[in-house]
Undergrad: 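Dumping the structure here so I can ask a few things about it.
Residues take their numbers from the sequence shown, with the count starting at 1. Please read these numbers as outputs of a predicted model, since none were measured by experiment.
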Amino acid sequence: MGSVTSSMAAKFAFFPPNPPSYKITQDEVTKRLSMTDVPQRENVDVLKLPTRRGQEIVAIYVRNPLASLTVLYSHGNAADLGQMYELFAELSAHLRVNLMGYDYSGYGQSSGKPSEHNTYADIEAAYKCLEDQYGAKEEDIILYGQSVGSGPTLDLAARLPNLRAVVLHSAILSGLRVMYPVKRTYWFDIYKNIDKMPLVNCPVLIIHGTSDEVVDCSHGKHLWELCKEKYEPLWLKGGSHCNLELYPDYIRHLRKFIATVEKSPVLRNSSRRSTDRSETSRRSTDCSEPSRRSTDRREKSRSSVDRSEKSRKSTDRRDKSRTSVDRSEKSRNSIDRPDKSRNSIDWHEKSRNSVDRYDKSRKSTDQFDKGRTSIDRMERTKAG
């Protein structure tokens with residue numbers, strides 16, 4: 001059942017243009033590659049890149065002499081580089097960035113067949129090219145994922161601790177959630193963005209149309225709620241799945257975001273985990289992840305905190321029943337230990353965003369304080 005559903009999700013996810021909108025030619029003298037059926041530009045390089053899964057994908061690199069940042073763009077599911085070529089050139093000019101776009105395996109003139117894990121290998125090949133061939137640094141790269149392109153974008157972003165920023169355009173929570181309103185993440189789902197979003201540490205801009213008929217706007221809003229470093233989202237009123245670039249606010253808001261992250265110092269990375277540890281354990285965050293609940297997992301941690309509160313109350317009752325001085329001294333020590341655990345629990349409680357959970361933690365803390373006050377009165381009575 002899982003395999004069938006995963007195959008169905010993959011079929012819904014990938015619609016490579018057939019026939020491709022372009023062909024690749026090579027100059028016999030210079031060996032320079034070029035694309036047919038698109039305007040020829042001196043600042044555009046056409047590349048063929050090998051992937052770790054044995055495919056060869058086509059990529060283009062648009063150079064801007066004023067750029068300090070580079071955008072790695074993962075396009076939507078029903079387009080190829082020939083159709084995206086003009087948009088890439090315009091984005092590079094308007095945003096003053098270098099821009100690399102690539103075709104997934106099975107798209108355009110890239111070899112192989114489209115699949116979730118092939119797209120992970122494809123974006124890794126494009127990213128490696130930016131580093132090795134163009135000298136781009138991780139902290140100067142912005143990952144941009146449109147629609148299904150949000151899958152490889154977030155998979156890579158979750159493994160790059162020094163990444164400058166991420167843009168998610170009409171993004172999905174997961175492949176299965178586009179088709180069914182499931183409440184948890186199943187092992188056979190594809191592009192589990194809902195689970196990877198909390199792992200991204202850099203600023204994230206989310207753009208979504210309020211009238212998106214393919215991927216409901218609720219996908220974008222849920223992803224925004226899961227962001228660690230939220231940037232003001234852009235909800236384009238009346239925007240559908242494939243026309244957001246036509247809205248003036250699209251380029252205006254995107255330019256503002258680029259300018260903001262360009263000026264901001266990259267100091268947030270001191271507390272992040274090193275990618276070396278991530279890379280040794282997995283190439284993709286999907287490869288070794290067991291089936292798990294998505295954001296509902298935090299409910300389990302809340303239950304464990306509640307159990308700690310109950311244990312704390314039982315400790316208070318035992319302390320009240322002790323009468324000897326020696327046992328009183330021991331009870332003081334045991335009270336000190338809950339104080340330390342209380343500080344640890346309070347730290348976790350501060351990170352909760354839910355107002356209801358905060359209220360519950362205040363009530364349990366008040367009960368604990370009352371218990372401590374009664375113990376103090378008992379101790380003073382004994383001392384008298």
Undergrad: Kindly state each residue pair satisfying salt bridge (Lys or Arg N to Asp or Glu O under 4.0 Å) with at least one member in residues 77-97, sequence neighbours excluded.
TA: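 Counting only pairs at least two positions apart or across chains, the salt bridge (Lys or Arg N to Asp or Glu O under 4.0 Å) contacts touching residues 77-97 are Arg41-Glu86.
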Undergrad: Provide the full list of salt bridge (Lys or Arg N to Asp or Glu O under 4.0 Å) pairs with a residue in residues 145-154, sequence neighbours left out, each pair given once.
TA: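 Output for this query is empty, none listed.
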Undergrad: Are Asp189 and Arg177 ion-paired here, with the side-chain N under 4.0 Å from a carboxylate O?
TA: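 A salt bridge is present here (some side-chain N lies under 4.0 Å from a carboxylate O).
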Undergrad: For Asp216, which residues count as a salt bridge (Lys or Arg N to Asp or Glu O under 4.0 Å) partner, sequence neighbours excluded?
TA: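 Here no residue qualifies.
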Undergrad: Checking the side chain of Arg164 only, and the main-chain atoms of Glu262 only, is there a donor and an acceptor separated by less than 3.5 Å?
TA: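 Answer holds: yes.
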Undergrad: Can you tell me which residue pairs pass the ring pair (Phe, Tyr, Trp, His ring centres under 6.0 Å) test with a partner in residues 33-72, sequence neighbours excluded?
TA: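 Counting only pairs at least two positions apart or across chains, the ring pair (Phe, Tyr, Trp, His ring centres under 6.0 Å) contacts touching residues 33-72 are Tyr61-Tyr134.
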Undergrad: Taking NZ, NE, NH1 and NH2 as the nitrogens, is one of them in Glu124 or Arg159 under 4.0 Å from a carboxylate oxygen of the other?
TA: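 A salt bridge links Glu124 with Arg159.
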Undergrad: Quick one about Asp195 and Thr185 (side-chain donor to acceptor, distance below 3.5 Å, no hydrogens or angles considered), yes or no?
TA: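 Yes, side-chain donor-acceptor contact under 3.5 Å.
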Undergrad: Taking ring pair (Phe, Tyr, Trp, His ring centres under 6.0 Å) as the cut-off, I'd like each qualifying pair that reaches into residues 78-101, sequence neighbours left out, listed once.
TA: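 Only Tyr73-Phe88 qualify under ring pair (Phe, Tyr, Trp, His ring centres under 6.0 Å).
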Undergrad: Once salt bridge (Lys or Arg N to Asp or Glu O under 4.0 Å) is applied, do any residues pair with Lys128, and if so which ones, sequence neighbours excluded?
TA: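 Only Asp132 meet the salt bridge (Lys or Arg N to Asp or Glu O under 4.0 Å) criterion with Lys128.
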Undergrad: Return the set of residues passing ring-ring contact (aromatic ring centres under 6.0 Å, His included) with His219 (not counting sequence neighbours), or none when no residue passes.
TA: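 Checked His219 against ring-ring contact (aromatic ring centres under 6.0 Å, His included); zero matches.
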Undergrad: Which pairs, with at least one residue in residues 244-255 and sequence neighbours excluded, count as a salt bridge (Lys or Arg N to Asp or Glu O under 4.0 Å)?
TA: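 Every pair satisfying salt bridge (Lys or Arg N to Asp or Glu O under 4.0 Å) with a residue in residues 244-255: Asp249-Arg252.
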Undergrad: Sequence neighbours left out, what passes salt bridge (Lys or Arg N to Asp or Glu O under 4.0 Å) with Lys23? Give chain and number order.
TA: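 With neighbours one apart ignored, the set is empty.
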Undergrad: Does either side chain, that of Asn243 or that of Ser240, offer a donor lying less than 3.5 Å from an acceptor on the other one?
TA: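 Short answer, yes.
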Undergrad: Would Leu246 and Ile207 show up in the same hydrophobic cluster when neighbours are defined by side-chain heavy atoms closer than 4.5 Å?
TA: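 Per the 4.5 Å side-chain linkage, Leu246 and Ile207 are not co-clustered.
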Undergrad: Tell me, please, which residues at least two apart from Asn18 pass side chain to side chain donor-acceptor pair (under 3.5 Å).
TA: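 For Asn18, no residue satisfies side chain to side chain donor-acceptor pair (under 3.5 Å) once neighbours in sequence are set aside.
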Undergrad: Could you give all pairs that pass the ring pair (Phe, Tyr, Trp, His ring centres under 6.0 Å) test and reach residues 27-60, with sequence neighbours left out?
TA: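 Qualifying pairs, neighbours excluded: none.
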Undergrad: Applying salt bridge (Lys or Arg N to Asp or Glu O under 4.0 Å), name anything that partners Asp37, two or more places apart in sequence or on another chain.
TA: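 Not a single residue meets the salt bridge (Lys or Arg N to Asp or Glu O under 4.0 Å) criterion with Asp37.
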